Protein chains: 2
Amino acid sequence: MKEPKKYKSALQEKEGVTPPEHTDQHAISKIQKKRRVQPSTDALIQGIFNGDMASLSRAITLIESQQIEHSKQANEIIRACLPKANASVRIGITGVPGVGKSTFIEAFGKHLTNGGKKVAVLAVDPSSSISKGSILGDKTRMEELVKDPNAFIRPSPSGNSLGGVARKTRETIILCEATGFDTILIETVGVGQSETAVHSMVDFFLLLKLAGAGDELQGIKRGIIEMADAIVINKADGENIKPAKLAKVEFNRALHLYPEKQSKWQPKVSLCSALHNEGIIEVWNMVEEFVKLTKKNGVFESHRHEQNKFWLIQTIEDRLKNDFFNRKDVKKEMQEQIQLIEAHKTTPFAAAEYLLGLN
Amino acid sequence: MKEPKKYKSALQEKEGVTPPEHTDQHAISKIQKKRRVQPSTDALIQGIFNGDMASLSRAITLIESQQIEHSKQANEIIRACLPKANASVRIGITGVPGVGKSTFIEAFGKHLTNGGKKVAVLAVDPSSSISKGSILGDKTRMEELVKDPNAFIRPSPSGNSLGGVARKTRETIILCEATGFDTILIETVGVGQSETAVHSMVDFFLLLKLAGAGDELQGIKRGIIEMADAIVINKADGENIKPAKLAKVEFNRALHLYPEKQSKWQPKVSLCSALHNEGIIEVWNMVEEFVKLTKKNGVFESHRHEQNKFWLIQTIEDRLKNDFFNRKDVKKEMQEQIQLIEAHKTTPFAAAEYLLGLN
């Protein structure tokens, strides 16, 4: 459990806060004082516009907070940031645990910052509130990126609903973009639902795979393959090179079975070894090619419009359902109606009418 | 356009109505008189309990009617039928156009009625209101079954929403079962959404495929394969036998890639030639084996319970959404909010809050 601590101190460093365990009593009270004096909303907005990562961090904390006062402040900041947002490329990165996501993001992120990019790394992991941050938890594999002044790393917001986590992440993207980050990487786990959420907030969706793990066909979540703009076979080094090349052929064939994407982009398969920093440039070239194509044919912009509409509708539908099914009377009568259905005394449709008619 | 007419008259025949085109003036006025005098709700219920297909037909017409008075009558009949329903095996049959669904149902249905079964054939085709019954339209391929006194065939109810069509079909199943039909076949087209609906109302889901049509892998809707309890490769005759056998191997492999079903049933692949009446018995044996297994392990019953809950929740959710999004004020303000989002003046989440707050 040493790594999360290390990561925390790295974050605190960025926020200008010295870790308490390394300080004397005087320093601690200084920190406590600092913590009490919360910067104003305007100060945070200004900080964000000046590219200040400490302000960004604090504003994201407001987004993640459960307190109503914080939510209000967060909404003000988001609204102010909106006109400065949107000028980035948003890339989703997924893959099963063990595929080397962190190592890939470290290598990929470093390649980008070396090229003058400003990179924000976020995560969507609805389970993280239970597992206490399985995603972006192991910062030892992002050692370089954590220290990089042109990179900002933020673990998944906690929350028990995917909708809530997704919303916080979408809002965080806006703040990151307003802070000047031009490349947003959003990491997620390979479990299905969270991929769909991430896919709905990125421009480019990248699936990391392994060769020779017997999962070329087996265990592939078809829906995820279908979403992918690129499949990158990681750990293609040493003895792995041959199976990786075979897997590439296999995946290329699989990708061609899907209907043409609206973007006219033909998803690609490439090999890389994040550990040895090989094949990383190729992945970025692919992203650039994609952005060029879709900005030219208008899909880049229209895709973002569709995503906005998707989140609008999704948020409304979730709330309508939550509000209804959490009503005390509905909860109580629902159980009774289900029993009547099972006793063949009513139909699901008649029961639905009855429940909808409750006042 | 000769077939639908022919089919219609076959139906009318069952309802005891002679087609008007073959009758003189006296007969026509007799029919008109018959039509004016609608049997009472009680008479229809009694008719259904006595196994009278004309009563069944009339009751289904009430389910399909848009008139409030008819809906009330229908609901009364359904409620009365509920205790007599549920004692059947419900089988969903899907496949792309041209796969031979009608021919298969004819052969399969005849095999069942010859064995003493009473077979009802229904359809779910939400597009049928536009295409005027592409499904179960071509009765020339069900010539025998249409005339069979132990078979009842009813085309898809019309409707512009899948939810509406599905509801009418679910209610029709109840009436068919109360009339004494012990095997319900529900046909649908291979287009995705309607499969999911049919899958949610049957015990056993059968996918018809062709071999050698280049669609062993290409064009397979993965989700549908995943739903299938059996894949039956039709037209496995003549020169088609070899490719059909190859396809069988291919599909068997594909089926093994999916996780074990809750029912513990391992989906099977079999060959048939509906036209030559070959391989039909094997399909029915498969269904019987499935029913035996799932009745023993309790999944048959629990699956139906889950389906009931699914339709209860689904119906409520659909209504909540419809009611909200069809509100005049919501419709109007929705457009404005979408424009504000595109102008980067609000977020989808803030817009959702705003719309939900309208009164």
Side-chain angles (χ1 to χ4, degrees), chain A residues 75 78-79 81-86 167-168 170-171 174 217-223 225-226 253-254 256-259 301 304-305 307-321 323-325 330 334 337-338 340-353 355-356, chain B residues 75 78-79 81-86 167-168 170-171 174 217-223 225-226 253-254 256-259 301 304-305 307-321 323-325 330 334 337-338 340-353 355-356:
Chain A
N75 285 338
I78 293 162
R79 194 183 303 259
C81 288
L82 272 172
K84 301 217 175 207
N86 281 293
R167 172 187 180 147
K168 289 170 191 168
R170 287 259 312 176
E171 293 178 337
I174 293 167
L217 275 172
Q218 194 152 9
I220 290 179
K221 301 210 177 53
R222 316 267 173 189
I225 297 251
E226 206 163 348
R253 196 184 301 150
H256 274 89
L257 295 180
Y258 293 105
E301 197 61 22
R304 285 201 174 179
H305 286 200
Q307 289 181 332
N308 282 334
K309 264 189 227 169
F310 168 83
W311 287 104
L312 171 64
I313 303 296
Q314 194 66 31
T315 307
I316 291 174
E317 290 185 357
D318 285 352
R319 261 282 290 283
L320 291 173
K321 289 188 240 171
D323 286 356
F324 184 81
F325 290 113
V330 170
M334 174 76 80
Q337 289 297 315
I338 288 175
L340 287 172
I341 294 170
E342 298 321 339
H344 306 309
K345 284 179 181 159
T346 186
T347 67
F349 308 105
E353 299 290 347
L355 291 171
L356 286 161
Chain B
N75 285 338
I78 293 162
R79 194 183 304 260
C81 287
L82 272 173
K84 301 217 175 208
N86 281 294
R167 173 187 179 145
K168 290 170 191 169
R170 287 259 312 178
E171 293 177 338
I174 293 166
L217 275 171
Q218 195 152 11
I220 291 179
K221 300 207 180 54
R222 315 267 174 189
I225 297 250
E226 206 163 348
R253 198 184 300 150
H256 275 88
L257 295 180
Y258 293 105
E301 198 59 24
R304 285 199 174 179
H305 285 200
Q307 290 180 333
N308 282 334
K309 265 190 226 169
F310 169 84
W311 287 105
L312 171 64
I313 302 295
Q314 195 65 32
T315 306
I316 291 174
E317 289 184 357
D318 285 353
R319 262 281 292 283
L320 290 173
K321 288 189 240 171
D323 286 355
F324 184 80
F325 290 113
V330 170
M334 174 76 80
Q337 288 297 315
I338 288 175
L340 287 173
I341 294 170
E342 298 320 340
H344 306 310
K345 284 178 182 159
T346 187
T347 66
F349 308 106
E353 299 290 346
L355 291 169
L356 286 161

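Keep in mind that the numbers below use all heavy atoms, side chains included, and drop hydrogens, waters and symmetry copies. Everything numeric in this text was worked out from a predicted model, so none of it was measured. Residue numbers begin at 1 in each chain, while the letters A, B, ... track the order of the sequences.
Only the side chain of A/Glu353 comes within contact range of chain B, judged by heavy atoms closer than 4.5 Å. For chain B, the nearby part of A/Arg79 is the side chain; its heavy atoms alone come within less than 4.5 Å. Interface remark: A/Asn308 contributes backbone and side-chain atoms alike to the contact with chain B (heavy atom separation under 4.5 Å). Residue A/Phe310: no heavy atom, backbone or side chain, is found under 4.5 Å from chain B. Using a 4.5 Å cut-off between heavy atoms, A/Ile316 contacts chain B through both its backbone and its side chain. For a residue to count as touching a neighbouring chain, one of its non-hydrogen atoms must lie under 4.5 Å from one of that chain's; by this rule B/Lys84 does not touch chain A. Both the backbone and the side chain of A/Leu320 come within contact range of chain B, judged by heavy atoms closer than 4.5 Å.
Between chain B and the residues A/Ala85, A/Pro348, A/Ala350, the most heavy-atom pairs under 4.5 angstrom are made by A/Pro348. Annotation: maximal heavy-atom pairing with chain A below 4.5 Å, among B/Thr315, B/Ile313, B/Leu356, B/Ile341, occurs at B/Leu356. Per-residue counts of heavy-atom pairs under 4.5 Å with chain A were compared for B/Asn75, B/Ile78, B/Asn86; the largest is that of B/Asn86. Of the listed residues (A/Glu342, A/Arg304, A/Arg319, A/Lys345), the one with the most heavy-atom contacts under 4.5 Å to chain B is A/Glu342.
A 4.5 Å side-chain heavy-atom check between A/Glu317 and B/Phe325 finds at least one atom pair inside the cut-off. B/Arg170 places none of its side-chain heavy atoms less than 4.5 Å from the side chain of A/Thr347.
For B/Glu171 and B/Arg167, the salt-bridge test passes: some basic side-chain N is under 4.0 Å from an acidic carboxylate O.
Here the closest heavy-atom approach between residue B/Ala351 and residue B/Thr346 is recorded as N-OG1, 3.8 Å.
Here the CG-CD1 distance, from A/Leu82 to A/Ile174, works out to 5.0 Å after rounding to the nearest 0.5 Å.
Heavy atoms from other residues, nucleotides or ligands lying under 6.0 Å from NZ of B/Lys321 number more than 12.
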